[in-house]
Amino acid sequence: MNEENHYIDEKWMRHALTLAARAEALGEVPVGAVVVIDNSVVGEGWNASITEHDPSAHAEMRALRAAAREIENYRVVDATLYVTLEPCSMCAGLLVHARVKRVVFGAYDLKTGAAGSVMQLLQHPQLNHQIDVQGGVLADTCGGMISAFFRRRRKEIKASRQSGK
């Protein structure tokens, strides 16, 4: 990747991190996503599964829904999705169906990642669309945000159990 593309990827990943902070403020797992076409935002999303009581309310899902509405097309071609955590299989399937051109993610997800960690759906040769993938952009920052969230959550659960609540 050339230096200019690296700079652009980091710029948009920082934007996704601000969206992840919105999720965290709601008590959600801090994952944020932004859909970009021609260096302009066409959709944003952050995790909201808990607050919306919706298992599909992942950051990528919400960002792509917003982008499709914005461009008035269920195919979000020529788009790059930036997301702070490697997409899961549900979101990877959505990205393929939407015909997203490129996915850039921050932290790898060694438990449910479907962009290379556990499985590779975004570039699966038997699917009708393959997506360019760039992982590890600002990985330490993205992963650190998620790790800190779960450390804090475990500490809160432990404190709650010890207080008898």
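The two residues Ala92 and Pro87 have their closest heavy-atom pair at N-CB, 4.3 Å. Among all heavy-atom pairs drawn from Gly27 and Ile50, the shortest one is O-CD1, 3.8 Å. Scanning all heavy atoms of the two residues, the minimum distance from Trp46 to Leu19 falls at CB-O, 3.2 Å. Across all their heavy atoms, Leu127 and Gln130 have their closest contact at O-NE2, 2.7 Å. Annotation for Val77 and Ile37: closest pair O-CD1, 4.0 Å, computed over non-hydrogen atoms. Minimum heavy-atom separation, Glu44 to Val34: CG-CG2, 4.2 Å.
Using a 4.5 Å cut-off between side-chain heavy atoms of Ile, Leu, Val, Met, Phe, Trp and Tyr, with links allowed through other members, Leu121 and Leu110 fall into different hydrophobic clusters. Under a hydrophobic clustering in which Ile, Leu, Val, Met, Phe, Trp and Tyr are joined whenever their side-chain heavy atoms come within less than 4.5 Å, directly or via other members, Val36 and Leu81 fall into different clusters. Taken together through direct or relayed side-chain contacts under 4.5 Å among Ile, Leu, Val, Met, Phe, Trp and Tyr, Val41 and Leu138 form part of one hydrophobic cluster. Following chains of ILVMFWY side-chain contacts shorter than 4.5 Å, one cannot reach Leu122 starting from Val104, and the two form parts of different hydrophobic clusters. Using a 4.5 Å cut-off between side-chain heavy atoms of Ile, Leu, Val, Met, Phe, Trp and Tyr, with links allowed through other members, Val29 and Met145 fall into different hydrophobic clusters.
Within the 4.5 Å cutoff, the side chain of Val35 has heavy atoms near those of the Val76 side chain. Inter-residue side-chain proximity for Tyr82 and Ile8 is flagged as met; some heavy-atom pair is nearer than 4.5 Å. Using a 4.5 Å heavy-atom threshold, the side chains of Asn39 and Trp12 count as touching. You'll find the side chain of Lys101 stays beyond 4.5 Å of the side chain of Thr80, heavy atoms only. Side-chain contact check for Asn47 versus Pro30: every heavy-atom pair is 4.5 Å or farther apart. The closest side-chain heavy-atom distance from Val137 to Glu10 is below 4.5 Å. In this structure, Ile157 and Arg154 have side chains that are not in contact, with every pair of non-hydrogen atoms separated by 4.5 Å or more. Counting heavy atoms from C-beta outward, Val96 and Asn128 have side chains that approach closer than 4.5 Å.
Between Arg161 and Glu156 no salt bridge is recorded (no basic side-chain N to carboxylate O distance below 4.0 Å). Salt bridge annotation for Asp9-Arg102: present, with a cationic side-chain nitrogen under 4.0 angstrom from a carboxylate oxygen.
Rounded to the nearest 0.5 angstrom, Ser117 OG and Phe105 CZ are separated by 5.5 Å. Here CZ of Arg152 is found 10.5 Å from CZ of Phe150. Values are rounded to the nearest 0.5 Å. Interatomic distance, Arg99 CZ to Asn73 CG, rounded to the nearest 0.5 Å: 11.0 Å. Between the SG atom in Cys88 and the CG atom in Leu94 there is a gap of 9.5 Å [rounded to 0.5 Å].
Judged purely by distance below 3.5 Å, without hydrogens or angles, the side chains of Ser49 and Glu28 never pair a donor atom with an acceptor atom. Defined by atom type and a distance below 3.5 Å, a donor-acceptor pair is missing between the side-chain atoms of Ser40 and Asp38. If you check the side chains of His124 and Gln120, you find no donor sitting under 3.5 Å from an acceptor.
Heavy atoms from other residues, nucleotides or ligands lying under 6.0 Å from CG of Asp54 number more than 12.
Side-chain N or O atoms of Glu70 include none that pairs as donor or acceptor with a backbone N or O of Val42 at under 3.5 Å. Judged purely by atom type and a 3.5 angstrom limit, Thr84 has no side-chain atom pairing as donor or acceptor with the backbone of Gly106. No donor-acceptor pair under 3.5 Å is formed between the side chain of Glu60 and the backbone N or O of Leu95. Put simply, the side chain of Arg75 gets close to the backbone of His97: a donor and an acceptor are under 3.5 Å apart.
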Are Glu52 and Arg62 close enough, and set up right, to give a salt bridge (Lys or Arg N to Asp or Glu O under 4.0 Å), and what steps lead you there?
CA-CA 11 Å; Glu52 292 185 4; Arg62 298 177 79 224; 3.1 Å; yes
Between Thr141 and Leu17, does a side-chain contact (heavy atoms from CB on, under 4.5 Å) hold up when you go through it step by step?
CA-CA 9 Å; Thr141 304; Leu17 281 161; 3.7 Å; yes
The test is side-chain contact (heavy atoms from CB on, under 4.5 Å); show your working for His58 and Val31 and say whether it passes.
CA-CA 8 Å; His58 288 197; Val31 178; over 6 Å; no
